[in-house]
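Just so you know, these numbers come straight off a predicted model, no measurement behind them. Every heavy atom of this structure was used, including side-chain atoms; hydrogens, water molecules and symmetry mates were not. First listed ligand is number 1; within each ligand, the first listed atom is number 1.
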Amino acid sequence: MSGKYLVTGGAGYVGSVVARHLLEAGHEVVVLDNLSTGFREGVPAGASFVEGDIRDAGKWLDASFDGVLHFAAFSQVGESVAKPEKYWANNVGGSMALLGAMREAGVRRLVFSSTAATYGEPAQVPIVETAPTAPTNPYGASKLAVDHMISGEAAAHGLGAVSLRYFNVAGAYGEYGERHDPESHLIPLVLQVAQGRRDAISVFGDDYPTPDGTCVRDYIHVADLAEAHLLALSAARPGEHLICNLGNGNGFSVREVIETVRRVTGHPIPEVVAPRRGGDPAVLVASAGAAREKLGWNPSRADLAGIVADAWEFAQWRAN
Ligand SMILES: NC(=O)c1ccc[n+]([C@@H]2O[C@H](COP(=O)([O-])OP(=O)(O)OC[C@H]3O[C@@H](n4cnc5c(N)ncnc54)[C@H](O)[C@@H]3O)[C@@H](O)[C@H]2O)c1
């Protein structure tokens with residue numbers, strides 16, 4: 001059945017791809033974004049656009065909405081360490097205002113972008129949802145605080161919510177792809193080297209306890225991620241807060257990613273080893289069993305070369 005959804009942060013990377021999927025599934029989409037890190041042209045054609053802040057969500061939310069997909073946040077780990085107050089104000093303060101506006105308007109369904117950063121340094125991999133949460137930076141702490149806030153809202157006021165804890169999102173969906181500024185994610189950074197926009201890729205530490213000494217991460221295609229959001233909307237039950245990891249359960253090292261970009265682009269990609277960054281766990285790999293079981297999610301784009309190829313196509317399209 002088609003519905004009407006508010007997509008906060010729908011001018012950003014993940015929000016724009018999910019908004020596009022909602023439209024393709026026949027839903028009505030209103031994007032609320034203050035364009036602090038997003039782009040007006042990222043809002044998919046067919047969606048209504050409101051330029052505004054989630055802290056004022058009450059101005060636009062009313063009972064005609066069937067739910068909210070909440071992507072709007074700041075998400076630069078390094079910046080969150082330097083300016084924690086910025087992250088508490090936007091990610092926590094903004095989400096609190098949004099939950100209040102939803103309560104007021106009687107909108108009782110929410111899908112929230114949480115993150116693997118809520119777990120911090122994992123004691124065991126793959127990481128399951130019941131693993132201890134001990135974020136190592138204010139970004140992860142702000143997202144964990146929102147998860148707690150949502151649990152309280154579900155228990156006290158009947159919200160039906162799903163928090164999706166993304167691992168490393170990558171790839172593109174047609175003309176909707178990653179364009180963070182500054183870019184901090186590995187795949188788009190390596191692609192910038194292939195495009196001649198950067199001389200070399202920095203490898204932060206090659207002495208981790210991993211097979212090739214570089215950090216291992218779980219990369220998930222943004223279109224697989226988008227499909228999980230649509231399933232989460234159907235899975236949300238009043239009074240329940242479900243938390244699911246989203247990853248493929250496969251780890252790739254930084255060197256494996258660079259090698260894959262070399263194969264896909266045909267560029268030699270020079271690399272420079274730099275010191276480790278504080279707070280970077282050696283291995284982050286998801287157990288995605290809960291998403292498969294509870295959402296019926298079945299990702300189909302787990303192949304790293306395919307993820308890189310889609311990101312490369314988008315990067316070239318943008319450059320032309
Ligand atoms: N990209 C990843 O790998 C990844 C991993 C884990 C979690 N996440 C989470 O997913 C979400 C989307 O990430 P992204 O990579 O698309 O980031 P992004 O920066 O591209 O998108 C965020 C969007 O939110 C908007 N925004 C920020 N604060 C706002 C506010 N107060 N009011 C209205 N709009 C606001 C920005 O303008 C931007 O368009 C974020 O919540 C992020 O924490 C992303």
Before accepting this row, confirm whether a basic side-chain N of the pair [X]/[Y] lies closer than 4.0 Å to the acidic partner's carboxylate O.
X    : Y    : result
E129 : R165 : no
R262 : E271 : yes
E24  : R20  : yes
R301 : D224 : yes
E153 : R108 : yes
E41  : R179 : yes

query = Among A72, G38, A57, A97, whose heavy atom sits nearest atom 24 (O) of ligand 1?
reply = A72
query = Applying a 4.0 Å heavy-atom criterion (strictly less than), which segment of A170 is in contact with ligand 1: side chain, backbone, both, or neither?
reply = neither
key: F167 six-ring face occupied by R217 cation (under 6.0 Å, within 45°)   = no
Counting both backbone and side chain atoms, is some N or O of [X] under 3.5 Å from an N or O of ligand 1?
X    : result
I54  : yes
F74  : no
Y166 : no
T115 : no

Under 4.0 Å from a heavy atom of [X]: which atoms of ligand 1 are those, numbered in the order shown and with their elements?
X    : value
S113 : 9 (C), 10 (O), 11 (C), 41 (O)
S36  : 26 (N), 27 (C), 28 (N), 36 (C), 37 (O)
L35  : 37 (O)
S75  : 42 (C), 43 (O)
F167 : 5 (C)

Measuring from the heavy atoms of [X], does anything fall under 4.0 Å of ligand 1?
X    : value
G52  : yes
G10  : no
N90  : yes
Y139 : yes
H185 : yes
E178 : no
G94  : no

inquiry  = I need the N137 CG to S80 OG distance, nearest 0.5 Å.
reply    = 4.5 Å
note = dist M102:CE -> R109:CZ (nearest 0.5 Å) comes out at 10.0 Å
Closest approach of any protein heavy atom to [atom], naming residue and atom:
atom                    : answer
atom 33 (C) of ligand 1 : N34 N, 3.2 Å
atom 17 (O) of ligand 1 : H180 NE2, 3.6 Å
atom 36 (C) of ligand 1 : T37 OG1, 3.2 Å
atom 21 (O) of ligand 1 : G12 CA, 3.4 Å
atom 37 (O) of ligand 1 : D33 OD1, 2.6 Å
atom 16 (O) of ligand 1 : V14 N, 2.8 Å
atom 40 (C) of ligand 1 : F71 O, 3.2 Å
atom 41 (O) of ligand 1 : K143 NZ, 2.6 Å

ask   = Going by atom types alone, do S114 and D147 pair a side-chain donor with an acceptor below 3.5 Å?
value = yes
Aromatic ring proximity [X]/[Y], centre distance under 6.0 Å:
X    : Y    : answer
H185 : H180 : yes
H21  : Y173 : yes
Y166 : H229 : yes

ask   = Do F112 and V30 belong to the same hydrophobic cluster, where Ile, Leu, Val, Met, Phe, Trp and Tyr are linked whenever their side-chain heavy atoms lie under 4.5 Å apart, directly or via other members?
value = yes
query = Are Y208 and V283 joined in one hydrophobic group, where the rule is that I, L, V, M, F, W and Y side chains link up if heavy atoms are under 4.5 Å apart?
reply = no
